[in-house]
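The sequence lines fix the lettering, A, B, ..., with proteins before strands; numbering per chain opens at 1.
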There are 2 protein chains.
Amino acid sequence: MPRKPKQDRARATVDAIVEAGFIALSQRGPAATTTRHIAEIAGVGVGSLYEYFENKEAIFSAMSQRFIADTAAMIKPLTPTLVQMPIDSAIRMLLNEFRNFLGRDDGRYLKCVRHAMAVDFELHLDPLFQVLNNVIMRYLTGHPETLRVSRIPAITYIGINGGIFAVIRHLSDPDPLVSFDEMADGLASMIGHYIEQELLLLRGVAE
Amino acid sequence: MPRKPKQDRARATVDAIVEAGFIALSQRGPAATTTRHIAEIAGVGVGSLYEYFENKEAIFSAMSQRFIADTAAMIKPLTPTLVQMPIDSAIRMLLNEFRNFLGRDDGRYLKCVRHAMAVDFELHLDPLFQVLNNVIMRYLTGHPETLRVSRIPAITYIGINGGIFAVIRHLSDPDPLVSFDEMADGLASMIGHYIEQELLLLRGVAE
DNA sequence: TAATTTTCCGAATTGAATCCGAACAAGCGT
DNA sequence: ACGCTTGTTCGGATTCAATTCGGAAAATTA
C-alpha cells in the first residue's frame with residue numbers, strides 16, 4: 001500500500017524514479033528494465049520504489065500519465081494559433097510539433113512509446129499490409145479514373161494504420177463517444193469524399 | 001537455441017502451445033500468464049516450451065504472427081467482392097468483417113490484442129483527447145459554416161486516434177513507404193477535402 | 001531536546017522463467 | 001525384429017528479478 005509523499009524530499013524521490021524509468025526504458029528496453037536498474041539510475045534504494053508505487057507496473061503507469069500530460073501541455077499553448085489557421089495547415093503543424101516533441105532528449109519519449117505500444121507487433125503486421133495493398137491495387141486498376149488522384153500511397157498508409165488502430169481502440173473503449181457504425185461510416189466517408197474531391201479538382205484542371 | 005519441429009507430433013506440440021497462449025492470455029491477462037499455465041493448458045511439460053521457443057516472449061511473438069496471418073487469410077477471399085464495390089462500402093465492409101473476426105471465440109483475439117497493445121495506456125490518453133477536442137471545438141465555433149458538416153464526432157475520433165498511431169508507427173518504421181511530410185500532407189488533405197466536399201454538398205442541397 | 005512522523009534503505013524472501021540431463025518415442029539400416 | 005541414432009518430452013534444480021520488512025536516518029513538531 002504505497003504512500004503519498006508529504007515532504008519535498010519525498011516528492012523529489014518520486015520524480016527521480018519516474019525520470020529514471022524513462023531513461024532506463026529508453027536505454028535498455030522493457031525486458032532489461034529491472035527495479036534495481038531504475039533505483040540505481042534514480043539514485044535511491046530498491047525499497048524506496050515500493051514506498052510510492054504498488055509495483056513496477058505502477059511506475060510505468062505513472063510514466064504514461066506524465067507523458068500524456070507533457071504532450072497535452074505542449075499542445076495547449078498552440079491552440080490560439082491553430083484555430084485561426086486553415087484546417088489542413090493546422091493538422092500539418094500539429095503533426096510536426098508532435099514529431100519534434102517525441103524526438104526531444106535524443107528520442108527518449110519516442111523510444112518509450114514504441115515499447116509501450118509493443119511495437120514488435122509491427123514487424124508481423126507486414127502480411128496484413130500486403131493483403132490490403134493488394135486489394136487497393138486491384139481496386140485502382142479496376143477504376144482507372146482513380147489512378148490519377150494524388151497522395152495514394154500516403155492515404156493508403158494512413159487508412160490502413162489509422163483504421164486498424166481506430167477499430168481496436170474503439171472495441172477496447174468502455175465508453176466510446178461514437179458508435180462503431182458511426183466510426184466505420186466516418187472513415188468510409190472521409191476516404192470517399194477525399195477521392196471525390198480529388199476527381200473534382202482533376203476535372204476542373206482538365207477543362 | 002530452439003529447434004524446428006521435424007515430426008508431426010512436435011508440430012502438434014508447437015501448435016498446442018501457441019493455442020494455449022491465446023487461451024491463457026485471454027482468460028488471465030498478461031501478468032497472470034505464466035509458463036506453467038501455458039504448459040498446463042497445452043497439456044505439455046514446462047520444459048517443452050523451451051524446445052521450440054527462445055523464451056516466453058517468443059511465444060507471444062508467434063501468437064502475434066499467427067494472429068496477423070489469420071487476419072490476412074480472412075480478408076484475402078473478400079478481395080474480389082471488395083474491388084467491385086464503391087470505395088466507401090468496401091471500407092465499411094472491411095471494418096465490419098474485422099470486427100466480427102476479432103469477436104470470434106468469445107472475443108479471444110480481441111482480448112489478446114488489447115493486452116498486446118498495452119491498453120492501460122488508453123486510460124491515460126484522456127487529457128490529450130481533451131486538449132485536442134478543445135482545439136477542434138474552438139475551430140468550429142470560429143468557423144461557423146463548418147458546424148453543419150456531418151459526422152464531426154466520428155471524424156474527430158478517427159483523426160485523433162488514427163493520427164497518433166500513424167505518427168508513432170511511422171517514426172518506428174525502419175523503412176516507411178512514404179515520408180513523414182507526405183503522411184502529414186496526406187492526413188491534412190484527407191480531412192481538408194472531407195470538409196470541402198461536405199460544404200459542397202451542403203451548398204448543393206441549399207440551392 | 002525529546003517525541004513523533006516521514007523517508008530511506010538493502011538483506012532476505014518468494015516465485016516465475018529458464019536450464020538440463022535423464023527417459024521415452026520415432027525413424028532407419030541391418 | 002533389433003540395435004542405433006535422432007527427435008521429443010519431462011519436471012526437478014537453478015537463477016534471477018520483484019517484492020517485503022524491520023529498523024536506521026532525516027525531518028517535523030512539541
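For the salt bridge (Lys or Arg N to Asp or Glu O under 4.0 Å) test, no residue two or more places apart in sequence or in another chain qualifies with A/Arg104. For A/Glu182, the salt bridge (Lys or Arg N to Asp or Glu O under 4.0 Å) criterion is met by no residue, not counting sequence neighbours. Remark: A/Glu51 pairs with A/Arg3 by the side chain to side chain contact (heavy atoms under 4.5 Å, CB included) rule, at least two apart or across chains. Shown here are the side chain to side chain contact (heavy atoms under 4.5 Å, CB included) partners of B/Arg11, two or more places apart in sequence or in another chain: B/Pro5, B/Asp8. Partners of A/Asp181 under the salt bridge (Lys or Arg N to Asp or Glu O under 4.0 Å) rule, at least two apart in sequence or in another chain, are B/Arg99. Take B/Glu19 and apply the side-chain hydrogen bond (donor to acceptor under 3.5 Å, both in side chains) test, not counting sequence neighbours, and it matches B/Arg108.
Atom pair B/Ile59:CD1 and C/dT18:P shows a separation of 8 Å (rounding to whole Å applied). Here C/dA16 presents its C1' atom at 12 Å from CG of B/Leu49, a figure rounded to the nearest Å. Spacing between atom NZ of B/Lys4 and atom P of D/dT8 amounts to 12 Å, rounded to whole angstrom units. Rounded to a whole Å, the NZ atom of B/Lys6 is 13 Å from the C1' atom of D/dT8. Atom P of nucleotide D/dC10 and atom CZ of B/Phe53 are separated by 15 Å, given to the nearest angstrom.
Contact annotation: B/Thr13 side-chain N/O to D/dT8 OP1/OP2 distance is not under 4.0 Å. The phosphate of D/dT8 (OP1 or OP2) has a side-chain N or O of B/Arg3 nearer than 4.0 angstrom.
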statement: Heavy-atom contacts, protein to nucleotides 13-19 of chain D, under 4.0 Å, summarised as B (base), S (sugar-phosphate only) or - (none) per nt, yield B---SBB

- prompt: When you check every protein heavy atom under 4.0 Å of nucleotides 22-30 of chain D, what one-letter string (B, S, -) results, 5' to 3'?
  reply: ----SSS--

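When heavy atoms are screened at a 4.0 angstrom cut-off, A/Tyr52 is found touching the sugar-phosphate backbone but no base atom.
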Check: residues 71-88 of chain A side-chain donor-acceptor pairs under 3.5 Å, at least two apart:
| from | atom 1 | to | atom 2 | distance (Å) |
| --- | --- | --- | --- | --- |
| A/Thr71 | OG1 | A/Phe67 | O | 2.8 |
| A/Thr79 | OG1 | A/Lys76 | O | 2.7 |
| A/Asp88 | OD2 | A/Arg92 | NH2 | 3.0 |

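Across residues 17-27 of chain B, not one residue has a non-hydrogen atom less than 4.0 Å from an atom of DNA chain D.
Remark: the backbone N or O of A/Gly107 is not paired with any side-chain donor or acceptor of A/Asp105 at under 3.5 angstrom.
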message: Working note: B/Asn55 + B/Tyr50, criterion side chain to side chain donor-acceptor pair (under 3.5 Å); need CA distance, chi angles, decisive distance, verdict.
response: CA-CA 6 Å; B/Asn55 50 37; B/Tyr50 295 88; over 6 Å; no

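Annotation: salt bridge (charged side-chain N to carboxylate O under 4.0 Å, His left out) contacts involving residues 187-196 of chain B, sequence neighbours excluded, are absent. Annotation: salt bridge (charged side-chain N to carboxylate O under 4.0 Å, His left out) contacts involving residues 24-50 of chain A, sequence neighbours excluded, are absent.
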